[in-house]
Amino acid sequence: MLNSENLPQQNLIRTKTLIIGGGPAGYTAAIYAARASMKPVQALGIQPGGQLMITTDVENYPGFSQVIQGPFLMDEMRKQAEHVGTQMIEDTIMSVDFKTYPFQATTEDGYVVVADTVIIATGAKARWLGLESETKFRGFGVSACATCDGFFFRGKRVAVVGGGNSAVEEAIYLTNHAEHVTLIHRRDRLRAEQIAQDRLFAHPKISVIWNADVHEVCGSENPTTLTHLMLKDTVTGEMNRLDVDGLFVAIGHDPASSLFKGKLSLDSEGYIVTKPNSTQTSVPGVFAAGDVQDKVFRQAVTAAGQGCMAALEAERFLSHQ
């Protein structure tokens, strides 16, 4: 970490609150912090807006009677945060020092941010299958969030890939909308808890294809529409076609928390641990909001709510200093 005392003043940024990340949690934290006269600085990172920047139709965010686009929602949140006084820096935080106070963070461009509180809102990324065809249909039939996009597949046939609790839960949830759900798993048994498996196997709208990998996602263009999957048997190598209208990838998420390893308490999956009913991390004055600490809900609206909580808790922390 650079020593801020010896750093040229033009390379030094001081703030009451540093917000790391620029998704629903980060922007909401910025709005609340700015309105509380905390003069926040927000480091947007390499993907301002987070996962919603690659989300097409958003129909479940409160306040919009019509379907909106993910990038539009993030752009509006950013404008609102800037309007109320947030200083945005399009730079990436490369290192942090939580052992000294005030806290310090170094950016990729060589700036040092000295902050009295820090709100981490770096989010998480869904794991994808890594197929070129999967990328082509992402947002046009391929999704990583059933609760976000399941509504768009009412009365249609969909597939879910995965074998853990998330995959089973997504498959069961999708039966509320889809005509039929096929769970595809590359092994001959699931990793999910037994009670979840029992519910899955007992559901009349769910079938399971064992020992299969999604080899290719197929469909038509103009408009881009997913029509079927090509599955490869992991035992025999045989190729089979599965006609579906949608594919939900449920093979896990990776929280963007590597920067904080060894500096904050993380759980076994890398999510930042916060106190119950709080965004407070293991270091007083450092808070975490959104998907970097929430592996249960992972919704834009819950991330925004946690961003609000983090800003209010940061304000309370400063008032006691």
Side-chain angles (χ1 to χ4, degrees), residues 2 4 7-55 58 61 63 68-98 102-125 256-257 259-260 279 285-293 300-301 303-315 317-318:
L2 294 175
S4 63
L7 195 73
Q9 287 300 304
Q10 63 267 28
N11 288 352
L12 183 64
I13 302 172
R14 296 183 182 274
T15 181
K16 291 182 180 179
T17 301
L18 168 64
I19 300 166
I20 306 175
Y27 287 142
T28 306
I31 292 166
Y32 273 79
R35 284 175 53 81
S37 300
M38 294 160 69
K39 298 181 179 180
V41 170
Q42 185 169 13
L44 298 175
I46 59 175
Q47 189 182 11
Q51 295 185 72
L52 277 175
M53 296 302 290
I54 57 171
T55 302
V58 176
Y61 197 87
I68 57 172
Q69 302 298 298
F72 167 79
L73 178 60
M74 290 299 91
D75 187 52
E76 289 297 298
M77 283 191 178
R78 175 173 176 170
K79 289 177 181 176
Q80 185 178 2
E82 289 178 309
H83 176 72
V84 293
T86 302
Q87 179 186 348
M88 302 283 183
I89 55 173
E90 295 194 5
D91 203 349
T92 301
I93 300 297
M94 301 302 293
S95 64
V96 293
D97 182 358
F98 294 150
F103 307 118
Q104 292 187 27
T106 305
T107 76
E108 187 175 26
D109 290 341
Y111 291 89
V112 168
V113 183
V114 179
D116 298 321
T117 58
V118 175
I119 296 174
I120 300 166
T122 47
K125 290 186 177 181
S257 62
L259 178 65
F260 311 105
T279 61
V286 179
F287 307 88
D291 289 7
V292 73
Q293 64 92 25
V301 67
Q306 290 162 1
C308 166
M309 291 170 58
L312 294 176
E313 289 189 289
E315 181 185 17
F317 175 85
L318 289 173

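Fair warning: this is a prediction, and the values are worked out from it, not measured in the lab.
- Gln306 contributes a side-chain N or O that, together with a main-chain N or O of Gly290, makes up a donor-acceptor pair within less than 3.5 Å.
- Shortest non-hydrogen contact noted between Ala314 and Met38 is CB-CE, 3.8 Å.
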### Task
May I have the step-by-step check of side-chain contact (heavy atoms from CB on, under 4.5 Å) for Leu73 and Tyr61, ending in yes or no?
CA-CA 9 Å; Leu73 178 60; Tyr61 197 87; 3.8 Å; yes
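- A heavy-atom distance below 4.5 Å is not found between the side chains of Lys39 and Lys16.
- Put simply, the side chain of Tyr27 reaches to within 4.5 Å of the side chain of Met88, judged on heavy atoms.
- Checked by atom type and distance alone, the side chain of Thr17 never pairs as donor or acceptor with a backbone atom of Ala115 at under 3.5 Å.
- Shortest non-hydrogen contact noted between Gln51 and Asp291 is NE2-OD2, 3.4 Å.
- Atom CG of Leu44 sits about 10.0 Å away from atom CD1 of Ile19, to the nearest 0.5 Å.
- In terms of heavy atoms, Ser257 sits closest to Val292 at CB-CG2, 4.1 Å.
- Classification of the Phe287-Phe317 ring pair by plane angle, with boundaries at 30° and 60°, yields perpendicular.
- Annotation for Thr86 and Ala30: closest pair OG1-O, 3.3 Å, computed over non-hydrogen atoms.
- Taking CE of Met309 as the start and CD1 of Ile119 as the end, the distance is 11.5 Å to the nearest 0.5 Å.
- A distance of 15.5 Å separates NE2 of His83 from CZ of Arg78, quoted to the nearest 0.5 Å.
- Minimum heavy-atom separation, Met94 to Thr107: CG-C, 3.9 Å.
- Minimum heavy-atom separation, Val112 to Gln104: CG1-OE1, 3.9 Å.
- Side-chain contact check for Glu315 versus Leu312: some heavy-atom pair is nearer than 4.5 Å.
- Counting heavy atoms from C-beta on, the side chains of Asp91 and Tyr111 come closer than 4.5 Å.
- Here CG of Leu52 is found 7.5 Å from CE of Met77. Values are rounded to the nearest 0.5 Å.
- Inter-residue side-chain proximity for Val118 and Val96 is flagged as unmet; no heavy-atom pair is nearer than 4.5 Å.
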#### Entry: Evaluation steps, side-chain contact (heavy atoms from CB on, under 4.5 Å), between Gln87 and Thr15
CA-CA 10 Å; Gln87 179 186 348; Thr15 181; over 6 Å; no
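- Side-chain contact between Phe260 and Thr122: present, with at least one pair of heavy atoms (C-beta onward) separated by less than 4.5 Å.
- Atom CD of Glu82 is separated from atom CD of Gln42 by 8.5 Å, given to the nearest 0.5 angstrom.
- Between Thr279 and Glu313, the side chains place a donor N or O and an acceptor N or O closer than 3.5 Å (distance only, hydrogens not considered).
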